[in-house]
Amino acid sequence: KGLKGERFRTKMAHLLRASRVVAKCVGRSASRAKSSGVVVLRGGTVANLDKTFKADVLCEDGLIKAVGPDLEVPVGATSVDCTGKWVMPGGIDPHTHLEMPFMGDVTCDDFFTGHCAALSGGTTLHVDFALPIDHDLEAGYAEWRRKSKKAAMDYCFHMAVTGWNEKVAKDMARLTAEEGINSYKFFMAYKGALMVSDDELAAGMQRCKEIGAIPMVHAENGDLVALGQQKIFDMGITGPEGHALSRPPELEAEATNRAIMMAQFINVPLYVVHVMSKMALEEVARARERGVRVIGEPLCTGLAKDQSEMWNPDFDQAAMHVMSPPIRSLAHDGEALANALSNGVLTLVGSDHAVFNRAQKAKGKGDFRTIPNGVNGIEERMHLTWDKCVNTGKMSVKEYVRATSAAAAQIFGVFPQKGYVGVGSDADICVLNPEATKKISVEGHHSAMDTNAYAGWNIKGKVETTLSQGNIVWNDDKLTVVRGAGRYIKCKPFGPLFEGIERRPIDANPGSIEACTRIV
């Protein structure tokens, strides 16, 4: 009410788009593959992080029951011909924001439309960031469990920490031990909103170490970002390009280095989300070289897009690409990120799917500081990573599996239940045809969004079939899902990143010369 003209038409177009997505998915739910049925994937090449081999895969009751050559197809089973295709673990997206309140708005995709998008792109599990309510972690967790009741596929949670007190520390311990949250995100940016101070970050890292959870950081120097924003705005630069100009790579690199040094001092693993610049990448690489247990996560957007998008004279197109940290130079930063991901210097790839429609982004016209941050990717991540890393010869298919599923499963303690094609693992599988072409469009995607940053792209290599919980949910460009079928997957504390860390001198012999000189 009160919206007029173009804003009203844009709003109604979004609502219509969202209703069509829901109708498209719900309308097929009645014809969903039988949950108790048998599915056999025949004649494909199985790809795991450790090996590839030709085999059939038999799925029943939500699990993989057999993997081997020439398996017998039981009577009544559904058989899928996978000849010439890769049969891989379903993708695991470690970085999403569904139905998230942010900058005065809420992201367009919820736990149903976002899952429709994910499944059609080969992703079968994601880890969403739950936000506290007024710094209350328990309240935030309860709210995210409420939102996720409509889930169509399996999901996990990270939890953000936006302030520090005794209750936060207590809640972290309970959520990790009882609710399966083993990762906590600390914002070093968004001053005055989500940002924590260094002493709060240090306290949070120490608490994570005690309870066996992984501290994660959004690494940008929030104080200098605020200074840069004001400087650029005062220069008369108010459009989306001001976003990139106000938060350059050195602010990301400085915060990355600061967080790494703090984690090394405390002797706790660290996960750096959305590494977007070569400068930040180099900080991660240097830390890993000296033995720090740090995980660097690039985004599919950082691999595929160039910062020049924010200089597009069409505001809608430019604002569509506003995210934080900003998209950098594709030739300089994107190429370095793709190389590092392919070689394991960066460990896994996320999407940071946080989508705002045209009307929401348009609220930032005249002041780039108020453009809601976020770019789509939950549906496109698997295809973009294949295109930028496998098609270019940078990455083997085994490394692709590591980057898109297996590493996330290992880091968050759900491997080999997830991220592996093997007997006993969940039957979450994606089948990719390397010779088929994926065409990306607003009309063809399954998000509730009315834009797509990759509209018009044609990618060689296409996810043609997706299995979730043993059911065929995506096949022949048709989506067959059930609202509410998704399960909350608990993540275990003290995962692989913690193994043996207590034997380092800083903890094992804190009064020694080795502890002082940080020989690791």
Side-chain angles (χ1 to χ4, degrees), residues 10-11 14 18 93-114 117 126-137 139-148 155 157-163 183-196 216-220 222 225-226 229 240 242-244 246-247 252 255 273-274 276 297 299 301 310 316 318-327 350-365 367-378 447-451 453:
T10 302
K11 181 70 173 177
H14 166 64
D93 191 338
H95 191 150
T96 62
H97 300 282
L98 300 182
E99 205 173 332
M100 178 189 71
F102 186 58
M103 297 181 72
D105 247 308
V106 179
T107 54
C108 287
D109 275 326
D110 59 22
F111 278 82
F112 184 67
T113 62
H126 73 113
V127 193
D128 203 72
F129 285 94
L131 298 183
I133 297 175
D134 294 328
H135 307 303
D136 189 323
L137 275 60
Y141 172 73
E143 176 66 5
W144 252 255
R145 288 303 301 266
R146 182 193 66 77
K147 292 178 181 183
S148 62
Y155 59 96
F157 290 147
H158 311 290
M159 174 61 73
V161 175
T162 57
S183 48
Y184 293 87
K185 182 179 182 181
F186 300 84
F187 291 87
M188 302 172 77
Y190 300 122
K191 186 174 182 178
L194 302 172
M195 179 175 159
V196 296
M216 315 174 84
V217 290
H218 173 134
E220 288 182 289
V225 166
Q229 287 179 325
H243 181 75
S246 66
R247 47 208 314 154
E252 182 187 356
V273 304
H274 48 44
M276 293 293 285
E297 170 210 88
L299 304 178
T301 312
M310 285 174 282
D316 288 344
M320 189 195 316
H321 294 87
V322 168
M323 61 179 296
S324 295
I327 298 167
S351 71
D352 196 4
H353 184 82
V355 289
F356 296 93
N357 62 32
R358 290 178 189 271
Q360 291 171 313
K361 291 273 189 176
K363 294 176 182 178
K365 279 186 177 179
D367 188 346
F368 65 86
R369 298 170 297 183
T370 61
I371 300 173
N373 288 198
V375 178
N376 62 286
I378 199 170
S447 165
M449 275 293 289
D450 57 1
T451 62

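In this structure, N357 and M449 have side chains that are in contact, with non-hydrogen atoms separated by less than 4.5 Å. A heavy-atom distance below 4.5 Å is not found between the side chains of P372 and F102. Between P240 and H321, every side-chain heavy-atom pair lies at or beyond the 4.5 Å cut-off. In this structure, T301 and I327 have side chains that are in contact, with non-hydrogen atoms separated by less than 4.5 Å. In this structure, P132 and V161 have side chains that are not in contact, with every pair of non-hydrogen atoms separated by 4.5 Å or more. Taking 4.5 Å as the limit, every side-chain heavy atom of I371 sits out of range of all side-chain heavy atoms of Q360. Side-chain atoms of K147 and D110, non-hydrogen and from C-beta on, never get closer than 4.5 Å to each other. In this structure the side chain of S324 reaches within 4.5 angstrom of the side chain of H243, judged on heavy atoms.
In this structure a side-chain-to-backbone donor-acceptor pair under 3.5 Å is present from T107 to E99. Without hydrogens or angle criteria, D93 side chain to I378 main chain gives no donor-acceptor distance under 3.5 Å. Between the side chain of Q229 and the backbone N or O of R247 there is no donor-acceptor pair closer than 3.5 Å. Using modelled atom types, no side-chain atom of K361 and backbone atom of N373 make a donor-acceptor pair closer than 3.5 Å.
Not counting sequence neighbours, the partners of A139 by the side chain to side chain contact (heavy atoms under 4.5 Å, CB included) test are I133, D136. Partners of R145 under the salt bridge (Lys or Arg N to Asp or Glu O under 4.0 Å) rule, at least two apart in sequence or in another chain, do not exist in this structure. Partners of M216 according to the side chain to side chain contact (heavy atoms under 4.5 Å, CB included) rule, which considers only residues two or more places apart in sequence or in another chain, are F129, H158, S183, K185, Y271, V273, F412. The ring-ring contact (aromatic ring centres under 6.0 Å, His included) check on H274 picks up H95, H218, with sequence neighbours excluded. Under the side chain to side chain contact (heavy atoms under 4.5 Å, CB included) criterion, L131 pairs with M100, W144, A160, sequence neighbours left out. Scored by the ring-ring contact (aromatic ring centres under 6.0 Å, His included) test, H126 finds F111, H115 as partners (sequence neighbours excluded).
The two atoms that bring G163 and H135 nearest to each other are N-ND1, 3.8 Å, heavy atoms only. Contact between M159 and G140 at its shortest, heavy atoms only, is CE-C, 4.2 Å. Pairing each heavy atom of A255 with each of A219, the nearest pair is CB-C, 3.5 Å. Here the shortest heavy-atom pairing between E297 and P94 reads OE2-CG, 3.7 Å. The shortest heavy-atom contact between V375 and V322 is CG2-O, 4.3 Å. Across all their heavy atoms, S351 and T96 have their closest contact at OG-CG2, 4.0 Å.
Counted by atom type alone, D128 and H97 present zero donor-acceptor pairs between their side chains at under 3.5 Å.
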Tell me, with the steps shown, if F186 and Y184 meet ring pair (Phe, Tyr, Trp, His ring centres under 6.0 Å).
CA-CA 7 Å; F186 300 84; Y184 293 87; 7.4 Å; no
Could you please spell out the steps behind the side-chain contact (heavy atoms from CB on, under 4.5 Å) verdict for N376 and S447?
CA-CA 9 Å; N376 62 286; S447 165; 5.8 Å; no
Take M276 and E252, measure what side-chain contact (heavy atoms from CB on, under 4.5 Å) needs, and give me the verdict at the end.
CA-CA 8 Å; M276 293 293 285; E252 182 187 356; 3.8 Å; yes
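A salt bridge links D105 with K363; the closest basic N to acidic carboxylate O contact falls under 4.0 Å.
Atoms CG and OG1, on L98 and T113 in that order, are 7.5 Å from each other to the nearest 0.5 Å. Here the CZ atom belonging to F356 is positioned 7.5 Å from the SG atom belonging to C108, to the nearest 0.5 angstrom.
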